[in-house]
Amino acid sequence: MKSADLAVLGCEQLVTCGGPIPKRKDALQDVAVIEKGCIASHQGRIVFIGDEKSYTKEVRLEDNSVCIEGSGLVGLPGFVDPHTHLPFAGTREQEFVLRLKGATYQQLAEKGMGIQTTVKATRDASKQELISLCLKRLDRMLLHGTTTVEGKSGYGLNFEDEIKQLEALREADGLHPVDVISTFMGAHEIPPEYKTRKNAYIDLLIDKILPEVKKDNLAEFFDVFCEEGVYSIEETRKLVRAAKEAGFKIKIHADEFSPLGGAQLAAEEGASSADHLINITDEGIQKLAQSQTAAILLPAVSFFLMLEKRAPVRKLIEKETIVALATDFNPGSSMTESMLFVLQLAVFTLKMSVEEAINAATANAAFALARHEDAGSLEPGKKMDLVLYDAPNYPSIVYHLGINPIQHVIKDGKLVVKDGQILKVS
Ligand code: NIG
Ligand code: FE
């Protein structure tokens, strides 16, 4: 008999997303469903998942345990959101309204709006303000089913404000049930003070900020915006090599607006992920397919920027790349904390199947963050991060649009959202 301190019994379906991870091509079609499923955990880790008959035989619930009746509910692993710009200040509704009148994201950036607006607001914000903003956003993420999230710096673009953003992320992580994984993205833009001296800023990143981030263990990943007018392939390679040398894992904002070859570079450098990929080339797809680098797709960006062009997901899956999904939550190109919405966009706009999208937002997303031993699937030994939907079956969570069907969320074996409301846990 296994002892448990929390159990959910008789769910209409438990979608486990289990099996070898990462999942490529055909494996993406299988979400490993258990009908009338039961799941139990002990001290935050899953100890049992299976049908009612084996639950009764194998599990003993300790006194004072939490036991949830699962009828009418469908359970999925908590979403893992592997790409967000979480610790920013200010919003950009003005810019959005101008875009609705016909201006493009890049035209606005050239006029000094875009990222620079958020850089100013983030520099002006105190660390405490950033922490409060992060906590509020983490609440929204949790209410929409995310239990693990990556967050990037990159709106400070100088020593003290990059460190401030990363410290805010670390403190928010300690104060909130959602797990926050940090990425240092000082190479998100060229700061206004360095516009004509990009090399001097690259030196500052490599010689001064990187070592400090490492010394205080403020980030696990390093990310660069490899794009025309931002960091070239050569500059990205130089930054990535320095970061690898310093012990960071790598992510690259690659081939978003122009096909510079960021995807190839990510694969060659053994990056954990290449993200965006709206303009990835066939060569880029080939290189990613032969690597362990995940292709993180951000369908909310094409949608939010109203771009005709989208990442070529059918080709990416056909060629057997590791496809994952993320929000890219940021105030300029994707103002959404909701992985549930991204899941729906992946199906409706990228034409992924429901199963492919679910695996990409859970198991493969966890792989892209090197957290697949802990999160992204419901399997014994992994964290009990479970989201329970008021739904008759799992396709319903994609099919039923514009509402939030999430009833309960369990994070690390604790009930943190009950009847759609956040419970403040100590
Ligand atoms: O991932 N592409 C670069 N960075 C963000 C946008 C940031 C912003 O507009 O503030 C992105 O889309
Ligand atoms: Fe991004």
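The figures here come from the full heavy-atom set of this structure, side chains too, leaving out hydrogens, waters and symmetry mates. One-based numbering, in listed order, for ligands and for the atoms of each.
Salt-bridge annotation for Lys152 and Asp223: present, with a side-chain N of the basic residue lying under 4.0 Å from a carboxylate O of the acidic one. A salt bridge is absent between Asp385 and Arg45; no separation between the charged side-chain nitrogens and carboxylate oxygens falls under 4.0 Å. Ionic pairing of Lys215 and Glu212 is present here: one or more N-O contacts between side-chain nitrogen and carboxylate oxygen are shorter than 4.0 angstrom. Under the 4.0 Å criterion applied to side-chain N and carboxylate O atoms, Glu379 and Lys382 are assigned as salt-bridge partners.
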Please tabulate, one line per pair, the protein nitrogen or oxygen atoms found under 3.5 angstrom from a nitrogen or oxygen of ligand 1, with distances to 0.1 Å, or say none if there are no such pairs.
unit_1   : atom_1 : unit_2 : atom_2 : d
ligand 1 : 1 (O)  : His85  : NE2    : 3.2
ligand 1 : 1 (O)  : His253 : NE2    : 3.1
ligand 1 : 1 (O)  : His276 : NE2    : 3.0
ligand 1 : 1 (O)  : Asp328 : OD1    : 3.0
ligand 1 : 1 (O)  : Asp328 : OD2    : 2.8
ligand 1 : 2 (N)  : Glu256 : OE1    : 2.8
ligand 1 : 4 (N)  : His188 : NE2    : 2.8
ligand 1 : 9 (O)  : Arg92  : NH2    : 2.8
ligand 1 : 9 (O)  : Tyr105 : OH     : 2.4
ligand 1 : 10 (O) : Arg92  : NH1    : 2.9
ligand 1 : 10 (O) : Arg92  : NH2    : 3.4
ligand 1 : 10 (O) : Tyr155 : OH     : 2.6
ligand 1 : 12 (O) : Asp328 : OD2    : 2.8
ligand 1 : 12 (O) : Ser333 : OG     : 2.6

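Neighbouring protein atoms of the Fe ion (ligand 2) (N, O or S, distance under 2.8 Å, waters ignored): His83 NE2, His85 NE2, His253 NE2, Asp328 OD1.
The shortest distance between side-chain heavy atoms of Met352 and Leu325 falls below 4.5 Å.
Under the side chain to side chain donor-acceptor pair (under 3.5 Å) test applied with Arg92, the options Thr117, Thr118, Asn330 reduce to a single match, Thr118.
In this structure, His188 has its ring center under 6.0 Å from that of Tyr155.
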Requested in this report: For salt bridge (charged side-chain N to carboxylate O under 4.0 Å, His left out), just list the numbers for Glu320 and Lys23, CA-CA rounded to whole Å, side-chain angles, deciding distance to a tenth of an Å, and then say yes or no.
Outcome: CA-CA 9 Å; Glu320 306 199 12; Lys23 302 186 184 201; over 6 Å; no

Report task. Take Arg310 and Glu256, measure what salt bridge (charged side-chain N to carboxylate O under 4.0 Å, His left out) needs, and give me the verdict at the end. Result -> CA-CA 10 Å; Arg310 306 202 161 94; Glu256 180 180 3; over 6 Å; no

